[in-house]
A.B. asks: 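Have a look at this one.
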Protein chains: 2
Amino acid sequence: MKLRHLTFRLLEVYVSVVRHGSISEAARQLHLTQPTVSLQLKRLSEAVGEPLLEHTRGQLHLTDAGQVLYRACQDMLGRFDDLQDNLLELKGGHSGRFSIAMVNTAQYVMPRLLGPFSQDYPEVDVTVEIGNREQVLHRFHQQLDDIYIFSHPPSLEHAAAARFLRNPLIMIAAEEHPLAGADEISLPRLLEERFLLREPGSATRMLFDSWLQTRGLQLHRSLQMASNEAIRVGVAAGMGVAVVSQHVLPKGLTGIVPLQVEGMPLESHWHFIVRRDRRLPYAARRFLIHADDHLESCLDPAYVCHETRQLLAQLGIS
Amino acid sequence: MKLRHLTFRLLEVYVSVVRHGSISEAARQLHLTQPTVSLQLKRLSEAVGEPLLEHTRGQLHLTDAGQVLYRACQDMLGRFDDLQDNLLELKGGHSGRFSIAMVNTAQYVMPRLLGPFSQDYPEVDVTVEIGNREQVLHRFHQQLDDIYIFSHPPSLEHAAAARFLRNPLIMIAAEEHPLAGADEISLPRLLEERFLLREPGSATRMLFDSWLQTRGLQLHRSLQMASNEAIRVGVAAGMGVAVVSQHVLPKGLTGIVPLQVEGMPLESHWHFIVRRDRRLPYAARRFLIHADDHLESCLDPAYVCHETRQLLAQLGIS
DNA sequence: GTAATATATAGATAATTATCTATGGAGATT
DNA sequence: AATCTCCATAGATAATTATCTATATATTAC
């Protein structure tokens, strides 16, 4: 294989095709025509001297050589990104950029970490993507971001996770609700109420469903709502009860109270998740380090946990 | 800095200049003219947007940017070298992966080939799929695997086959069976017995059925069973006789004896089957070569046959 | 002061890369 | 069977890269 026949452009195009699983889709993303991308792949394959891709029933697959090349491309392109960051640092201070995707509820938590970080590193550009669980999972699979925030992380191939904050789930009702002042409400009694909850697949719902299942119970009366905000408004209006992350209740909120239910709050944790198979940009690493160093000062110290350094060590980052 | 303005050639030239400490010397080493190298450095510097080198009293020094770039160049060029090594390993079949699907009975045979191969090539990942004949055929049509093992290969479009081991089919009965000690049992006599057999479509049954048909005969009393294990247990219990692959009878098995029947054992062979219309991974090629080279040492030499090299030659692989 | 060596710039050319449009074949969908 | 989508190939063009020779300038050695 001739080094001079390999260009960074070819590597970029290749990585895009693999990531999108389609030559046509990669062409659209790169603003090239489909024959251009097809020809670039051909040139790359010729430079390597091996087939890189194969189509089986319309599905794009990497050959072994294609897999090996893909990893090498990611490493080289990632090293170029590092180089750029290093050069920017030389020019003046710390800069760079990274992207972070989080489930809806995390938007109540993450600004307390991102805010101080942006103050300490004003030149770093942070892109924040917020969505429901399914949307964030999709972004994870498409490798669109550098860091992912889940409260109940799925079991993901290529994922490395670190808990950083407890995320207790509590039961809430309106102040005037019959169960509002009761002690130790039993689960059978509770399940007589109507439950307001998010779409299937949301972490809170999944955790609550599985918790009920371990007790041989399940919900009878429920109403699905599209956002936590809608749930809060509905609970306050007496439409029912709900399990929510304690984070979504601002301090001083009136009209809503937590219920005393056996076995609650449910313990879950906020996690930082990164892909093992993808290079973590300098700025993202810096953020994770900064976050780990400032958990106590930015969040309630009783709720924090420090696994982020382990995560970075796992990735070979110190 | 524009990625596309950076080429591997520029990186090579730069590393050479730094290493030799002189543009003229690097030019000599690279078999280029001095103005060429000077211009390449200029283009690189322009691409980076920073001076990279400075001359102090005739001595070449790297600027900070030059230092940062030098390290990045070494990493990227080093990663290219690794890539080449990886590709060479793949081509030699020393690493990579392949998938092999086999009919149930083959699991008594194939470990004796796969085990030594995995010991000799620990870096190769082998996926083994086991199923009945229909399932393996389905996988063949879906192009899910690289190698298929059948004892009685179907006539398949796009298939190339090579026999590697005789697979004699014998008639068995319980030790106490009336025919157990008889010489040269006639077929009419034999067909008075109840036959335990697998589902329609299994190789053994197909072969036996077609063998009977060539003699103008057919089964009268039969009992279908779901596995060879169940057949063996049934035979030992005196439920009837059965045609089985000799392989499924472990040495030293008691309670079951082969019957002396005219025309038996039936000759069949284990086959390696690959798709002509699909590229065979290097690791799979390496396995077939290794298997062909080790048939005598891994299996009973009296039963092996060497057609695998012909198969590979047919596929244009030497 | 002169010669030798190293480096930068100018002008030029060949080779290569990157991209387009046009079009045909294959497979999937309707 | 017709249509749509995806991919590969052909032909073409623009842009860029890589290299040359010629030559000027600066520095060092003698």
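In what follows, every heavy atom counts, from backbone to side chain, and hydrogens, waters and symmetry copies are set aside.
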A.B. asks: Evaluate salt bridge (charged side-chain N to carboxylate O under 4.0 Å, His left out) for B:Asp146 paired with B:Arg97, printing each intermediate quantity in order.
C.D. replies: CA-CA 10 Å; B:Asp146 301 302; B:Arg97 62 184 181 272; over 6 Å; no
A.B. asks: Are B:Arg309 and B:Asp293 within salt-bridge range, i.e. N to O under 4.0 Å?
C.D. replies: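 Counted as a salt bridge, because a side-chain N and a carboxylate O are separated by less than 4.0 Å.
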A.B. asks: Which two nucleotides bound the region of DNA chain C that has atoms under 4.0 Å from heavy atoms of chain A, read 5' to 3'?
C.D. replies: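 In short, chain A contacts DNA chain C from C:dT17 to C:dA22.
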A.B. asks: Are any protein N/O atoms closer than 3.5 Å to N/O atoms in nucleotides 28-30 of chain D? If there are, list each pair with its distance.
C.D. replies:
none

A.B. asks: May I ask you to say whether B:Glu12 pairs ionically with B:Arg9, meaning some side-chain N is under 4.0 Å from a carboxylate O?
C.D. replies: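 So B:Glu12 pairs with B:Arg9 through a salt bridge.
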A.B. asks: Say whether, by atom type as modelled, one donor and one acceptor occur between the side chain of B:Arg163 and the main chain of B:His306 under 3.5 angstrom.
C.D. replies: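 Checking the backbone N and O of B:His306 against the side chain of B:Arg163, no donor-acceptor pair under 3.5 Å is found.
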A.B. asks: For A:Thr36 and B:Ile23, find the nucleotide of DNA chain C closest to each by heavy atoms; which residue's nucleotide sits nearer the 5' end?
C.D. replies: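 Counting from the 5' end, the first nearest nucleotide belongs to B:Ile23.
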A.B. asks: By the 4.0 Å heavy-atom rule, please label B:Leu10 as base, sugar-phosphate, or nothing.
C.D. replies: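 If one applies the 4.0 Å heavy-atom cut-off, B:Leu10 turns out to touch the sugar-phosphate alone, with no base involved.
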A.B. asks: How do A:Arg4 and A:Leu41 order along DNA chain D: which one's closest nucleotide is nearer the 5' end?
C.D. replies: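 Checking each residue's closest nucleotide, the 5'-ward one belongs to A:Leu41.
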A.B. asks: Under 4.0 Å between a side-chain nitrogen and a carboxylate oxygen: does that hold for B:Glu46 and B:Arg43?
C.D. replies: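 The answer is no: the pair does not qualify as a salt bridge.
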A.B. asks: In whole Å, what is the span from the CZ atom of A:Arg43 to the C1' atom of D:dT9?
C.D. replies: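 Atom CZ in A:Arg43 sits about 16 Å away from atom C1' in D:dT9.
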A.B. asks: Does a nitrogen or oxygen in the side chain of B:Thr33 sit under 4.0 Å from OP1 or OP2 of D:dT21?
C.D. replies: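 No, B:Thr33 has no side-chain N/O under 4.0 Å of OP1/OP2 on D:dT21.
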A.B. asks: Could you tell me whether B:Glu199 and B:Arg205 have a side-chain N and a carboxylate O separated by less than 4.0 Å?
C.D. replies: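 Salt bridge flag = no for B:Arg205 with B:Glu199.
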A.B. asks: Whole-Å distance between D:dC6 P and A:Gln59 CD?
C.D. replies: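 Taking atom P of D:dC6 as the reference, CD of A:Gln59 is at 13 Å.
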A.B. asks: Distance to the ring centre below 6.0 angstrom and angle to the axis at most 45 degrees; does that hold for B:Arg4 and A:Phe8?
C.D. replies: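 Because its charged atom misses either the 6.0 Å distance or the 45° angle limit, B:Arg4 does not stack over A:Phe8.
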A.B. asks: Under the rule for salt bridge (Lys or Arg N to Asp or Glu O under 4.0 Å), what residues qualify as partners of B:Glu123, not counting sequence neighbours?
C.D. replies: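 So B:Glu123 forms no salt bridge (Lys or Arg N to Asp or Glu O under 4.0 Å) with any residue.
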A.B. asks: Which sits closer to the 5' end of DNA chain C, B:Arg28 or B:Lys42, going by the nucleotide each is nearest to?
C.D. replies: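 Counting from the 5' end, the first nearest nucleotide belongs to B:Arg28.
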A.B. asks: In a check of ring pair (Phe, Tyr, Trp, His ring centres under 6.0 Å) between B:His94 and each of B:Tyr121, B:Phe117, B:Phe287, which one passes?
C.D. replies: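 Among B:Tyr121, B:Phe117, B:Phe287, the one that satisfies the ring pair (Phe, Tyr, Trp, His ring centres under 6.0 Å) with B:His94 is B:Tyr121.
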A.B. asks: Return the value, rounded to whole Å, for the distance between atom CD of B:Gln34 and atom P of D:dT23.
C.D. replies: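 In whole Å, D:dT23 P and B:Gln34 CD are 15 Å from each other.
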